[in-house]
Amino acid sequence: MRALARRWNLRPALGVTALILALVPWMLSNDFYYEIAILALFNAMIAVGLNLLMGYAGQISLAHGAFAGLGGYIAAILTGRYGLAPLFSIAVSLGIMALLAYGLARPILRLRGHYLAMATLGVGIIVSIILNNEEELTGGTDGMSVESFSLFGHTFTESWEWYLLAALHLLVLLWLAQNLIESPLGRILRSLHDSERAPASVGVNVARYKSLVFVISVVVAALAGSLYAFFSGFISPQEAGFNRSIELVVMVVLGGMGRLYGAVIGAVILTLLPQLLTSFEDYQTLIYGAIIIGVMIFMPKGIVSLFDRWRRRG
Amino acid sequence: MTELFAFLLTGLTVGFVYALVGMGFTVIYNASGIINFAQGEFVMAGGMIMVFLLAGGIPYLPAYLLAIGLTALLGVLLWKLTDLSRDSSQESLIILTLGYAIFLRGAAEVVFDKELHTLPPLLGEGHLTILGATLSYQALLVMAASVLIVAGLWFFFRRTRTGKAMIAVSLDPDAARLMGISLKKIWVLSFSLAAAIASVGGILLTPITSTNYEVGIMLGLKGFAAAITGGLSNPFGAVAGGLILGIMEALVAGYLSSEYKDAVAFVIMLLILFFRPGGLFSHRGVQRV
């Protein structure tokens with residue numbers, strides 16, 4: 001058993017996550033709870049991908065909401081308007097998003113800090129303006145409905161099927177991300193976070209690795225975005241809006257930048273938060289803002305850092 | 001010809017407001033290295049506070065001064081919060097100020113409301129006719145006030161000790177501190193100054209475009225685009241940046257597509273970032289790190 005785990009680089013954390021994911025359905029007594037859980041899983045996927053870019057390679061992106069949304073739109077349009085099979089349209093969507101990310105990576109990732117934040121923000125806003133205005137393709141501000149998702153002749157209708165699909169995707173992604181982080185590539189990425197000069201001076205092609213991790217994070221976002229569009233049966237420009245992009249960044253930071261499972265925790269908390277705040281509907285934005293400010297001031301290293309403190313004490 | 005002139009006037013009016021917001025960004029950035037994403041919310045706060053002070057029966061002039069004063073106080077408050085932040089990595093600061101923006105929006109929703117509000121124009125409903133194009137007195141006021149503020153800031157930065165101290169801090173904080181300049185005072189000043197400038201923009205623009213709790217998002221982002229276009233290191237670059245963006249936006253809206261007018265500022269900003277990251281007026285080959 002242990003040898004098998006070592007051979008496949010299976011970590012206890014991954015096992016614990018799988019166990020939790022297997023137990024959660026017992027708490028989901030109706031479809032509405034399932035819906036939130038599934039949204040949390042897809043958010044977690046995007047956050048894990050974004051964390052590779054932000055937490056490990058040290059490059060901020062305020063456009064990942066737009067990338068996830070655009071990926072979803074492309075897949076939805078290909079199935080709805082052109083009659084492609086869902087699986088195939090997702091594949092095409094991911095291909096297009098990968099090319100787009102690759103094309104954007106060079107000029108954008110040359111920038112740093114505020115300039116990078118601003119450039120990605122600009123890209124995100126332009127994407128959302130296009131989605132809002134190309135009514136013939138996207139349905140405009142009202143959004144568009146999405147065909148149901150079928151795989152090899154089987155149509156996904158039950159909530160638990162979607163839960164299973166999302167959970168499996170997240171587990172595989174976590175496993176891949178863990179391996180990526182521990183590979184020589186991961187070490188290069190982390191060295192980029194601290195200083196780009198140092199790896200460059202020992203002959204690392206910094207631009208290439210930054211582009212690579214950018215493309216990976218965009219593709220992951222587009223995959224989660226596409227699957228979510230099929231799951232909810234509807235997509236609107238809000239899913240690609242500025243606020244969505246901020247929400248995703250906050251998930252990563254709230255959990256803890258550069259901590260693989262931090263992104264998952266951040267995504268789960270931020271997905272549940274609006275549900276917990278429904279009784280304070282008028283105060284939702286206010287509380288949301290206050291939480292962001294509070295976290296950044298009092299635990300800038302994220303929630304995972306609390307576990308570290310506790311572990312050190314114990 | 002008349003049409004073109006009308007578009008130019010519209011562009012200039014909005015452009016001056018972008019310029020005011022953009023200048024606020026650069027003032028804070030140069031003093032503290034922080035990009036304040038809540039800058040647009042200062043514009044919103046100025047307009048909304050003014051609306052509700054007037055509705056509360058306070059006369060125009062005191063309400064005007066009070067609205068600017070309260071927004072400046074908000075700036076000081078945000079600085080106090082920023083000062084508490086222990087981790088000062090750029091990512092954390094970006095997210096912190098994004099948090100301010102969301103918080104202020106939420107606060108405006110609760111303290112005021114979600115409705116669209118407008119203000120009576122300060123000089124009445126009249127307008128001028130220039131070359132066949134009309135220019136309302138309020139738009140004229142926006143331009144005049146903006147020119148005054150720009151001139152005032154120029155005087156402040158070039159001729160007063162405090163203004164020069166702010167420039168010194170932006171060039172080299174450590175050296176400035178060794179010369180006896182209090183960094184904290186400069187930071188507080190920069191936040192309140194940026195908030196005050198933005199609030200004037202918000203109050204003057206409200207009779208033209210109306211305001212609500214969300215109006216700060218786009219204004220803030222476009223003001224930022226103006227600052228980037230003109231170069232973050234120079235407050236007066238932001239003025240040129242704002243005017244360019246305002247005019248281009250009005251031209252695109254007039255001649256090409258009103259749907260895509262909001263994208264213009266960001267397309268220009270991206271082009272600047274890709275080809276001249278230091279801004280339109282930077283010397284070639286300078287790379288900001």
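Note that these values count all heavy atoms, side chains included, but never hydrogens, waters or copies made by symmetry. We name chains A, B, ... by the order of the sequence lines, and we start the count at 1 in each one.
Exactly one residue among A/I292, A/I297, A/V253 makes a side-chain contact (heavy atoms from CB on, under 4.5 Å) with B/L96. That residue is A/I297.
Using a 4.5 Å heavy-atom threshold, the side chains of B/K222 and A/I125 count as separate. Residues A/T285 and B/Y213 have side chains not in contact (no heavy-atom distance under 4.5 Å, counting atoms from C-beta outward). Counting only heavy atoms from C-beta outward, the side chains of A/F242 and B/L98 approach each other to under 4.5 Å.
Interface residue B/L81: backbone and side-chain heavy atoms are both found under 4.5 Å from chain A. The contact between B/L221 and chain A is made by backbone and side chain atoms together, counting heavy-atom distances below 4.5 Å. Looking at A/L111, only its side chain comes within 4.5 Å of chain B, counting heavy atoms on both sides. Both the backbone and the side chain of B/I95 come within less than 4.5 Å of a heavy atom in chain A. Contacts between A/N132 and chain B at a heavy-atom distance below 4.5 Å are absent for every atom of the residue. In this structure, chain B has heavy atoms under 4.5 Å from both the backbone and the side chain of A/V123. For a residue to count as touching a neighbouring chain, one of its non-hydrogen atoms must lie under 4.5 Å from one of that chain's; by this rule A/L62 touches chain B with the side chain only. With a 4.5 Å cut-off on non-hydrogen atoms, A/L121 touches chain B through its side chain but not through its backbone.
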Show the atom names and distances, to 0.1 Å, of all donor-acceptor pairs under 3.5 Å that link a side chain in residues 254-261 of chain B to residues at least two apart or in another chain.
unit_1	atom_1	unit_2	atom_2	d
B/S257	OG	B/E259	N	3.3
B/S257	OG	B/Y260	N	3.1
B/Y260	OH	A/E134	OE2	2.6

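Considering CD1 of A/I108 and CG of B/L273, their distance stands at 8.5 Å, rounded to 0.5 Å. Taking CD1 of B/I228 as the reference point, atom OH of A/Y115 lies at 6.0 Å (rounded to 0.5 Å). Of the inter-residue distances, the one linking A/D282 atom CG with B/E109 atom CD reads 7.0 Å to the nearest 0.5 angstrom. Distance CZ/A/R110 to CZ/B/F274: 8.5 Å, rounded to 0.5 Å. Taken to the nearest 0.5 Å, the CG atom of A/N243 stands 5.5 Å off from the CD1 atom of B/I217. Interatomic distance, CE of A/M296 versus OG1 of B/T82, reported as 11.5 Å (0.5 Å rounding).
Atom CD of A/Q238 sits in a sparse spot, with 12 or fewer heavy atoms from other residues, nucleotides or ligands closer than 6.0 Å. More than 12 heavy-atom neighbours from other residues, nucleotides or ligands sit within 6.0 angstrom of CZ on B/F236. The environment of OH in A/Y283 is sparse: at most 12 heavy-atom neighbours from other residues, nucleotides or ligands sit within 6.0 Å.
When all heavy atoms of A/M118 and B/M269 are compared, the closest pair comes out as O-CE, 3.2 Å.
Between the side chain of A/H114 and the backbone N or O of B/Y29 there is no donor-acceptor pair closer than 3.5 Å.
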Do A/V249 and B/I94 pass the side chain to side chain contact (heavy atoms under 4.5 Å, CB included) test, and can you show the C-alpha distance, the side-chain angles, and the key distance before you say yes or no? CA-CA 10 Å; A/V249 169; B/I94 289 172; over 6 Å; no
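When each of A/G122, A/G294, A/P107, A/G58 is scored by its heavy-atom pairs under 4.5 Å with chain B, the top score falls to A/P107.
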